[in-house]
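Here the structure is laid out as structure tokens; the discussion comes afterwards.
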2 protein chains.
Amino acid sequence: MSVTLRDVAELAGVSAATASRALDPTGSASSATRERVADAARRLGYVGNTAARSLRTCRSDTIGLLVPDVRNPFFTDLAYAVDKAASAAGLTVMIGNADEDGAAQDRYLAALERHRIDGLLVVPQGGATPGLRRIVETFPTVAIDRDAGLGVPVVASDSEAGMHALVDHAVALGHRRFAIVAGPQSTSTGRVRLDAARERLAHHDIRLSDGDVIEGDFRLESGLAAARRLLDHDPVPDLVVAADALMALGVLAVIRERGLRPGVDVGLAAFDDNPWFHVLDTPVTVVAQDTTVLARRALDALLRRIAGEDVDVAPIPTTLVVRRSLGETTTVKENAHE
Amino acid sequence: MSVTLRDVAELAGVSAATASRALDPTGSASSATRERVADAARRLGYVGNTAARSLRTCRSDTIGLLVPDVRNPFFTDLAYAVDKAASAAGLTVMIGNADEDGAAQDRYLAALERHRIDGLLVVPQGGATPGLRRIVETFPTVAIDRDAGLGVPVVASDSEAGMHALVDHAVALGHRRFAIVAGPQSTSTGRVRLDAARERLAHHDIRLSDGDVIEGDFRLESGLAAARRLLDHDPVPDLVVAADALMALGVLAVIRERGLRPGVDVGLAAFDDNPWFHVLDTPVTVVAQDTTVLARRALDALLRRIAGEDVDVAPIPTTLVVRRSLGETTTVKENAHE
DNA sequence: CTGAAAGCGCTTACAG
DNA sequence: CTGAAAGCGCTTACAG
């Protein structure tokens, strides 16, 4: 139907094989041929057919990216960054949204498999589904953000150092009564952030009792629900730390709903930054992750896995972005070296 | 390398052709054969190869979706909805981010062409780039949200009715001095929303002078910049209407930056809803678009175009979501019928 | 209902 | 540097 390499070859007066080589920068062809073929291709509006090419080469130049919830700004950003990095490397990315649903995740994974992706970047949902286990055995895979014990390299922020820095900062400001809206304990990020907070608080001789921690699911509504319970405490906590931006937004709403002043009557801090956080009525102090670096490192690691190399990725430093929700004045503190 | 249809056929004791038909629900095969083949496929872990299939059938079962800015929540939502609708129809979608950059858009479009997508859904950037014009001639295409005069069906919200409802609502509340942060006038949505506001205001005997309208680019920063100029006016406007959610967020920040109370000293309203709008300190009154319906209609239209049918899509009704940024109490008003 | 055969559009050893 | 040939994994008329 459309223009094929044969058409180009004919117009250029060479064989299809030669046309193929001439179009390939690394193929051997005289510069005269190269020019004639390029010319013919241009005149005919030739566009290579990836299906034919990948059937022949067993490479699709396509990678998959599976995230739990594309509408969570952190993952939107991550997907954006991955797409950018991959495009720069000449790779196409197929983005899939697990959507908090194991079956949906597996359906999507099956599609990736049919497309014979060269490799997979995945932010695993809590437990690994059968489909995920299967694909991990079949394709080079790198996990981003979360470690689900899949036995693949994991590219993630140094959540521990980030949380330590945040706790230190809050304690230095005089906060003592901490309340935490944790992430799902079925995810490594949910666990690590909570454990790191506990640990660092203990270091400051602060103990968290059971009622001080409520587990959310990284979404807005769960932040709302958790905050309502946390702010029922008497006395009210000095501050609430949320394990992600969306839950923090929920906490902020509840603080106001109670007639309390955020940053004055109750502090708020969160993991993950958000383009809108600095324009909120109370700019939120956060531990920011660098999605660009996360994406680049992950893609690097995946490319190396595809090439059969072993990879080992160091945790990626976070940044403590001090704003005003803990009652401070604005500055940015790097905590790369913890 | 991986399991092929031949392997399945051998194990099942039939020819590859029969195996192919047995696996195809519409292919003719005895139920005994069907079972044996399905069994063999299961045991071998057979997964079809889309490259081979689409090379043969000239269908990729893949569509492209090109948006101007994936990180704008409206487009994130739209992409999510399109992906969901497409998955349900057994289609894979390749999402591309033009990223406010014509060259990036064309690079992405070229990739889609190499993949021989079955059709394209596009939210066109201002002017049509060469790559876009080309692809529109080559593949069935449907525009979503914006009309760039490409000569393809356009699936969009009824911005005009939505803006009329919003203006009527604001006027009924007593607002008279309007200021507008418009969308880029190079986009149809930017133009239609502004024209509709002007028109409806005139109907209420309100005229906008030049300084009352500032053109933004649908992003946060432009809302910030526009609001700073708009709020320099003396007297300050009764309200600011923003052409999208991100710019509205910027306006809200500036209102507070000036020490004014949103919804009390200055009203705010916007086009597009946003999951976070209802938890802001001042819940914003908006004209909400239904991205799910938009996506479904667009996919429907595209499928019909692919089938060679003519399509004609009616504008999709918006919803006026009354919150408190104009000084009201909360209710939702449908304005399906203007 | 089933099989043999052809062919989709490429790339790549193999010769020359 | 170039060409002829084979083949990647499917699907689908064509016979039977």
Side-chain angles (χ1 to χ4, degrees), chain A residues 1-38 40-41 44-62 90 92 110-111 113-118 138, chain B residues 1-38 40-41 44-62 90 92 110-111 113-118 138:
Chain A
M1 46 167 273
S2 49
V3 180
T4 71
L5 189 60
R6 277 187 69 87
D7 300 327
V8 173
E10 250 162 54
L11 181 59
V14 296
S15 71
T18 298
S20 176
R21 287 187 208 102
L23 254 20
D24 174 3
T26 73
S28 54
S30 73
S31 53
T33 304
R34 222 176 262 287
E35 232 169 83
R36 283 222 315 289
V37 172
L44 260 24
Y46 172 71
V47 175
N49 181 325
T50 51
R53 160 183 265 260
S54 70
L55 185 55
R56 196 38 247 242
T57 61
C58 290
R59 280 183 310 104
S60 60
D61 292 322
T62 299
T92 295
E113 199 169 350
R114 280 193 298 274
H115 280 274
R116 297 295 191 272
I117 50 167
D118 292 336
T138 316
Chain B
M1 45 169 271
S2 51
V3 180
T4 71
L5 189 61
R6 276 188 70 85
D7 300 327
V8 174
E10 252 164 52
L11 180 60
V14 295
S15 70
T18 300
S20 175
R21 286 186 208 104
L23 255 19
D24 173 4
T26 72
S28 54
S30 72
S31 53
T33 303
R34 222 175 261 285
E35 232 169 83
R36 285 223 313 290
V37 172
L44 260 24
Y46 171 72
V47 175
N49 181 324
T50 50
R53 160 184 264 260
S54 69
L55 184 56
R56 197 38 246 246
T57 60
C58 291
R59 280 182 310 104
S60 61
D61 292 323
T62 298
T92 295
E113 197 169 351
R114 280 193 297 275
H115 280 275
R116 299 293 191 272
I117 50 167
D118 292 336
T138 317

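Within every chain, numbering begins at 1; the chains are lettered A, B, ... in the order of the sequence lines, protein sequences first and strands thereafter.
- Atom P of nucleotide C:dG9 and atom CZ of B:Arg59 are separated by 15 Å, given to the nearest angstrom.
- Distance check: A:Arg114 CZ to B:Asp61 CG gives 9.0 Å after rounding to the nearest 0.5 Å.
- The side chain of A:Thr33 has D:dC1 as its nearest neighbour among D:dC1, C:dT2, D:dG3.
- OP1 and OP2 of C:dA4 both lie 4.0 Å or more from every side-chain N or O belonging to B:Ser15.
- Atom pair A:Leu55:CG and C:dT11:P shows a separation of 11 Å (rounding to whole Å applied).
- If you take CG of A:Asp24 and P of D:dC1, they are 13 Å apart, rounded to a whole angstrom.
- The residue A:Ser30 sits close only to the backbone: its heavy atoms come under 4.0 Å of sugar-phosphate atoms, none of a base.
- Residue B:Ala17 is in base contact, counting any heavy-atom pair closer than 4.0 Å across all strands shown.
- Figure legend. D:dA4 is base-paired to no nucleotide; pairs are counted as Watson-Crick or G-U wobble with both atom distances under 3.5 Å.
- Note: CZ (B:Arg56) to P (C:dC10) measures 16 Å, nearest angstrom.
- Side-chain atoms of A:Asn49 lie closest to C:dG9 of the nucleotides C:dT11, D:dT2, C:dG9.
- When the C1' atom is compared between D:dT12 and D:dG16, the two are found 16 Å apart, to the nearest whole Å.
- Nearer to the 5' terminus of DNA chain C, by closest-nucleotide assignment, is the contact made by B:Ser28 (compared with the other of A:Tyr46 and B:Ser28).
- Donor-acceptor pairing under 3.5 Å is lacking for the side chains of B:Thr57 and B:Ser54.
- Between D:dG7, D:dT12, D:dG9, one nucleotide has an atom nearer to the side chain of B:Arg21 than all others, and that is D:dT12.
- Of the listed nucleotides (D:dG3, C:dC10, D:dG9), C:dC10 has the atom at the smallest distance from the side chain of B:Arg116.
- The CZ-P distance, from B:Arg36 to C:dC1, rounds to 14 Å in whole Å.
- For the pair A:Arg36 (side chain) and A:Ala12 (backbone), a donor-acceptor distance under 3.5 Å is present.
- The CZ atom of A:Arg53 sits 17 Å away from the C1' atom of C:dC8 (whole-angstrom rounding).
- For B:Thr4 and D:dG9, the shortest distance from a side-chain N or O to OP1 or OP2 is not below 4.0 Å.
- Partner of B:Tyr46 under the side-chain contact (heavy atoms from CB on, under 4.5 Å) criterion, out of B:Val3, B:Val37, B:Asp7: B:Val3 alone.
- The distance from atom CZ of B:Arg6 to atom C1' of D:dG7 is 12 Å, rounded to the nearest whole Å.
- Atom CZ of A:Arg114 and atom P of D:dC10 are 12 Å apart (whole Å).
- Of the side-chain N and O atoms in A:Thr18, one or more sit less than 4.0 angstrom from OP1 or OP2 of D:dG3.
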Intermediate values then yes/no, side-chain contact (heavy atoms from CB on, under 4.5 Å), B:Val47 and A:Arg116: CA-CA 9 Å; B:Val47 175; A:Arg116 297 295 191 272; 3.9 Å; yes

